[in-house]
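Hydrogens, waters and symmetry mates are skipped; everything else that's a heavy atom, side chains included, is used. Everything numeric in this text was worked out from a predicted model, so none of it was measured. Both counts, for ligands and for their atoms, begin at 1 and track the order of listing.
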Amino acid sequence: MDEIMSLVKGRDPEQREFHQAVQEVVETVKPVLDRNAAYRQQGVLERVTEPERVIMFRVPWQDDDGQVQVNRGFRVQMNSALGPYKGGLRFHPSVNLGIIKFLAFEQVFKNSLTTLAMGGGKGGSDFNPKGRSDGEVMRFCQSFMGELYRHIGPDTDVPAGDIGVGAREIGYLFGMYKKLSNEFTGVLTGKSLNWGGSLIRPEATGYGNVYFAAEMLETQGETLEGKSCLVSGSGNVAQYTTEKILELGGKVVTLSDSSGYIYDEEGLDCEKLRYVKELKNVMRGRIKEYVEKYPNAVYTAVDPTLDHNPLWSHPADCAMPCATQNEVNKVDAENLLQGGVRLVSEGANMPCTPDAVDILIDSGVLYAPGKAANAGGVAVSGLEMAQNSMRLSWPREEVDARLKQIMKCIHKTCLDAASEYGAGQNYLVGANIAGFIKVVNAMLDQGLV
Ligand code: NDP
Ligand code: 2IT
């Protein structure tokens, strides 16, 4: 294990988030390698931690003042053992190769858990869409696709959204792909409904996260009814996590963005959530505006130099981090326990730091890692691909029922794998082991490629 970590770190010393994601998987799959000598002989860890292909490219575009801007584009095609590369695109100024590699690595095991035939990949850019006009976003997306189109395709690599990439960006990206390739195909998921999108795809990550949390609670004979929840973020995943919690009778008291968070002691309701969707998706505003509309709520600006985020200090039963990686650290985890939290389900990718995860699991919290809990998004992307191939679209109830079934199945798969390897109800161990075994067995079947 030390050998593989020093290999990975030695190759790319600056890619901290990638090391973090690899370390977690390598540690938890050790018993799998101990049981099967072929894995070690065939160098599966060395192979699975090295992307099949990395594409980096210049993205030049012109802003509204006529100034030339240059961003960097990425697509990491991590693993295609189970199907075409599949995974989102992130547009955020913090994006670099290490971040995209960590996300692509997580995606491989997540996609493996979904039961669908999808390999893993991820892409994006350090472009910051915040404050940019629709015209600027369109020109950026067109330039980005001007290079990306030659590397993707419905049977090769199918990107989707992630932070900073929603329905608007997918539309501009799709338009340019169609023009360049002269083909109308299911090359992207998260498309709008009237030209190839799937019902429930916008909702899928958040709904799936809550379905997974409900499954975990059911093992204790409990439900979400009456439970108070801390939710972070206010984008796609946070909005639909909130919507499903409310539908199941739970209470959501916080939402956030990168500047701060709101605490609404009365809890959000459908009307307040409708306002948040309008504020974030249409007006593209900030979460602090919530308290102007609902003055009983309190906004707290978060000082990034603080050693913790006060959002996680409020008393609650459940926490669903839905913003970004490493947003819950050791101090936050201690504060969650102090506040009575008994369930943490990761809507975001790797939102808890490794020491936070240890604290939560050691104290018996029901903890669901992102690669299991947020797999509903990519699962419904897989269902969008299936519908596109058939040139048919399924009704809302059918997609939702399939999503629910897939989340139930992932939950069971995690528990079965954890129990087979003597890890009790440890969902982290279960998700990593089950996701890993399926991928590496497919790799071994397909030879050294
Ligand atoms: P959105 O862009 O819709 O929303 C992101 C939210 O997180 C915003 O509220 C944003 O605030 C906040 N945020 C982003 N970066 C930071 C940061 N550095 N610090 C604090 N807050 C931040 O993205 P999504 O909701 O789609 O994605 C959220 C998370 O869920 C990500 O980890 C993503 O990888 C993961 N995910 C998304 C899936 C999907 O289908 N969309 C599927 C599975 C996982 P601000 O406006 O200030 O930037
Ligand atoms: O992290 C993720 O799973 C996503 N951003 C969704 C990927 C997808 O292809 O739908």
Side-chain angles (χ1 to χ4, degrees), residues 17 83-95 99-100 102-111 113-114 116 118-124 128-131 157-170 186-191 197-198 200-209 231-242 255-262 276-277 279-281 284-288 301-302 304 309 311 320-328 346-352 369-385:
E17 291 84 359
Y85 307 107
K86 181 83 196 85
L89 297 171
R90 177 177 291 191
F91 291 169
H92 193 273
S94 64
V95 163
I99 301 253
I100 299 298
F102 119 65
L103 290 163
F105 185 74
E106 291 285 287
Q107 198 81 47
V108 171
F109 306 107
K110 182 195 303 190
N111 293 4
L113 288 169
T114 63
L116 305 173
M118 298 181 291
K122 198 84 182 194
N128 187 0
K130 247 178 246 152
D157 184 354
V158 183
D162 193 79
I163 291 178
V165 178
R168 174 182 61 169
E169 291 74 20
I170 293 293
V187 70
L188 290 157
T189 59
K191 300 184 290 296
S198 173
I200 300 285
R201 177 59 190 90
E203 296 89 339
T205 310
Y207 280 17
N209 182 27
V231 175
S232 65
S234 48
N236 173 270
V237 181
Q239 290 170 18
Y240 289 103
T241 289
T242 301
L255 285 174
S256 71
D257 60 24
S258 50
S259 315
Y261 77 97
I262 58 111
V276 171
K277 287 182 185 171
L279 173 69
K280 298 301 291 187
N281 311 347
R284 299 190 184 273
R286 308 296 296 162
I287 200 66
K288 72 171 175 219
V302 174
N309 184 340
L311 186 160
M320 314 245 184
C322 298
T324 193
Q325 64 275 358
N326 293 330
E327 55 167 320
V328 178
E346 295 187 339
N349 285 307
M350 210 169 74
C352 298
K371 62 171 76 71
N374 72 38
V378 73
V380 175
S381 278
L383 301 180
E384 182 171 329
M385 290 164 71

Task: Exercise: do Arg286 and Ser259 side chains pair donor with acceptor under 3.5 Å - done: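 Side-chain D/A pair, Arg286 to Ser259: present.
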Task: From CD1 (Ile163) to CG (Leu103), nearest 0.5 Å - done: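 If I round to the nearest 0.5 Å, the distance is 8.0 Å.
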Task: Leu89 and Glu169: CA distance, side-chain angles, deciding distance, side-chain contact (heavy atoms from CB on, under 4.5 Å) verdict - done: CA-CA 10 Å; Leu89 297 171; Glu169 291 74 20; over 6 Å; no
TODO: Check Ser232 against Glu327 and note the closest heavy-atom contact, atom names and distance.
DONE: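 Distance-wise, the nearest heavy atoms are OG-OE1, 2.8 Å.
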Open item on the list: Which residues pass the salt bridge (charged side-chain N to carboxylate O under 4.0 Å, His left out) test with Glu106, not counting sequence neighbours?
Closed with: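 Applying salt bridge (charged side-chain N to carboxylate O under 4.0 Å, His left out) to Glu106 gives Lys371.
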- [ ] Evaluate side-chain contact (heavy atoms from CB on, under 4.5 Å) for Glu203 paired with Val380, printing each intermediate quantity in order.
- [x] CA-CA 9 Å; Glu203 296 89 339; Val380 175; over 6 Å; no
Open item on the list: If the criterion is any heavy atom closer than 4.0 Å to an atom of ligand 2, which residues make the list?
Closed with: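 Heavy-atom contacts below 4.0 Å: Lys86, Gly87, Gly88, Gln107, Lys110, Lys122, Ala160, Gly161, Asp162, Arg201, Asn349, Gly377, Val378, Ser381.
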Task: Exceeds 12 heavy-atom contacts within 6.0 angstrom, atom NZ of Lys288 - done: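 No, NZ of Lys288 has 12 or fewer neighbouring heavy atoms, counting only those of other groups under 6.0 Å.
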Task: Amino acids contacting ligand 1, non-hydrogen cut-off under 4.0 Å - done: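 Heavy-atom contacts below 4.0 Å: Arg90, His92, Lys110, Lys130, Asp162, Ile163, Gly164, Arg201, Thr205, Gly233, Ser234, Gly235, Asn236, Val237, Ser256, Asp257, Ser258, Lys280, Arg286, Cys322, Ala323, Thr324, Gly347, Ala348, Asn349, Asn374.
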Open item on the list: To check you understand the geometry: which heavy-atom pair defines the closest contact between Gln107 and Gly121, and what is its length?
Closed with: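 Nearest heavy atoms, Gln107 then Gly121: CG-O, 3.7 Å.
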TODO: Using ring pair (Phe, Tyr, Trp, His ring centres under 6.0 Å) as the criterion, list what pairs up with Phe105, not counting sequence neighbours.
DONE: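 Listed in chain order: Phe18, Phe109.
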